[in-house]
J.: 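Here it is: the structure, laid out below.
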Amino acid sequence: DVKVTQSSRYLVKRTGEKVFLECVQDMDHENMFWYRQDPGLGLRLIYFSYDVKMKEKGDIPEGYSVSREKKERFSLILESASTNQTSMYLCASSSAGTALNEKLFFGSGTQLSVL
Amino acid sequence: DAKTTQPTSMDCAEGRAANLPCNHSTISGNEYVYWYRQIHSQGPQYIIHGLKNNETNEMASLIITEDRKSSTLILPHATLRDTAVYYCIVSTSGTYKYIFGTGTRLKVLA
């Protein structure tokens with residue numbers, strides 16, 4: 001089975017800190033995604049990457065950046081954390097190509113609290 | 001991108017079929033319908049997807065109307081472990097936009 005591993009299940013940070021959320025997948029997937037999930041708003045796409053060093057903005061990229069130096073690892077960076085970035089962050093991956101292969105595999109999520 | 005509309009919540013008796021509807025009236029000809037579910041405190045899990053034909057796998061069945069403007073996910077014999085939020089989304093092969101929305105909260109009752 002595909003495994004998508006997020007480095008932390010829970011994280012507490014202070015306002016203004018630089019925060020790194022790490023995600024690793026073990027199935028050689030080309031595509032990786034970062035979503036945030038807030039009550040009443042569902043999952044919203046922050047950034048995605050379709051190849052090493054390639055990235056595209058999602059629907060809510062403001063305040064975030066990403067890094068993909070290796071195919072298996074996709075990092076989400078909060079340059080200066082703010083309280084409105086308190087959320088559940090979900091990483092996902094998928095294989096490129098036909099729709100048959102494009103189902104998303106998610107990690108368990110990181111609940112980030114910014115105080 | 002096509003958007004989907006789902007009821008906010010539904011209840012289903014254990015052992016009965018759970019039928020979860022989804023409207024996607026603006027779906028394009030090359031957009032697939034995907035279903036995922038999210039059990040509390042976990043990441044979403046893929047269930048099934050289809051283009052225009054009905055599909056069945058070990059987890060569920062997907063019925064897509066002939067005009068493709070709506071679909072129904074069927075869990076044939078719901079168990080308590082099927083209690084989750086179910087998301088219906090549409091995506092175009094080769095793009096990366098998966099718009100999840102808020103889903104349907106299904107509660108399976110003993």
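So you know, we letter chains A, B, ... as the sequences are listed, proteins then strands, and number each from 1. These numbers come from a predicted model, not from an experiment.
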J.: If I measure from the heavy atoms of chain B, does A:Leu41 come under 4.5 Å with its side chain, its backbone, both, or neither?
T.: backbone

J.: Group every Ile, Leu, Val, Met, Phe, Trp and Tyr by side-chain heavy-atom contacts under 4.5 Å, then state whether A:Met32 and A:Leu45 land in the same group.
T.: no

J.: The criterion is side-chain contact (heavy atoms from CB on, under 4.5 Å); which residues satisfy it with B:Ser61, sequence neighbours excluded?
T.: B:Thr56, B:Ile74

J.: Out of curiosity, A:Leu104 CG to B:Ile89 CD1, how far, rounded to the nearest 0.5 Å?
T.: 6.0 Å

J.: Is there a path of hydrophobic side-chain contacts, each under 4.5 Å between heavy atoms of I/L/V/M/F/W/Y residues, joining A:Tyr89 to A:Phe20?
T.: no

J.: Below 4.5 Å from any heavy atom of chain B, which atoms of A:Gln6 appear? Answer side chain, backbone, both or neither.
T.: neither

J.: What residues form a salt bridge (charged side-chain N to carboxylate O under 4.0 Å, His left out) with A:Lys53, not counting sequence neighbours?
T.: A:Glu69

J.: Sort by residue number and list every member of residues 38-48 of chain B having a non-hydrogen atom under 4.5 Å from chain A.
T.: B:Gln38, B:Ser41, B:Gln42, B:Gly43, B:Pro44, B:Tyr46

J.: With a 4.5 Å cut-off on side-chain heavy-atom distances among I, L, V, M, F, W and Y, is there a chain of contacts connecting A:Phe33 to B:Tyr32?
T.: yes

J.: Answer yes if the ring centres of A:Phe106 and B:Phe100 are under 6.0 angstrom apart, and no otherwise.
T.: yes

J.: Name the region of A:Arg44, side chain, backbone, both or neither, that has any atom closer than 4.5 Å to a heavy atom of chain B.
T.: neither

J.: So which residues of residues 107-115 of chain A are in contact with chain B at a heavy-atom cut-off of under 4.5 Å?
T.: A:Gly107, A:Ser108

J.: May I ask whether A:Leu11 and A:Leu90 are part of the same hydrophobic cluster, defined by side-chain heavy atoms of I, L, V, M, F, W, Y residues being less than 4.5 angstrom apart, directly or through others?
T.: no

J.: Within a 6.0 Å radius of atom CZ on A:Arg9, are there more than 12 heavy atoms belonging to other residues, nucleotides or ligands?
T.: yes

J.: Any link between A:Leu76 and A:Tyr10 through a network of hydrophobic side chains (Ile, Leu, Val, Met, Phe, Trp, Tyr) touching at under 4.5 Å?
T.: no

J.: Testing the basics here: between B:Tyr87 and A:Gln37, what is the closest heavy-atom pair and its distance to 0.1 Å?
T.: OH-NE2, 3.0 Å

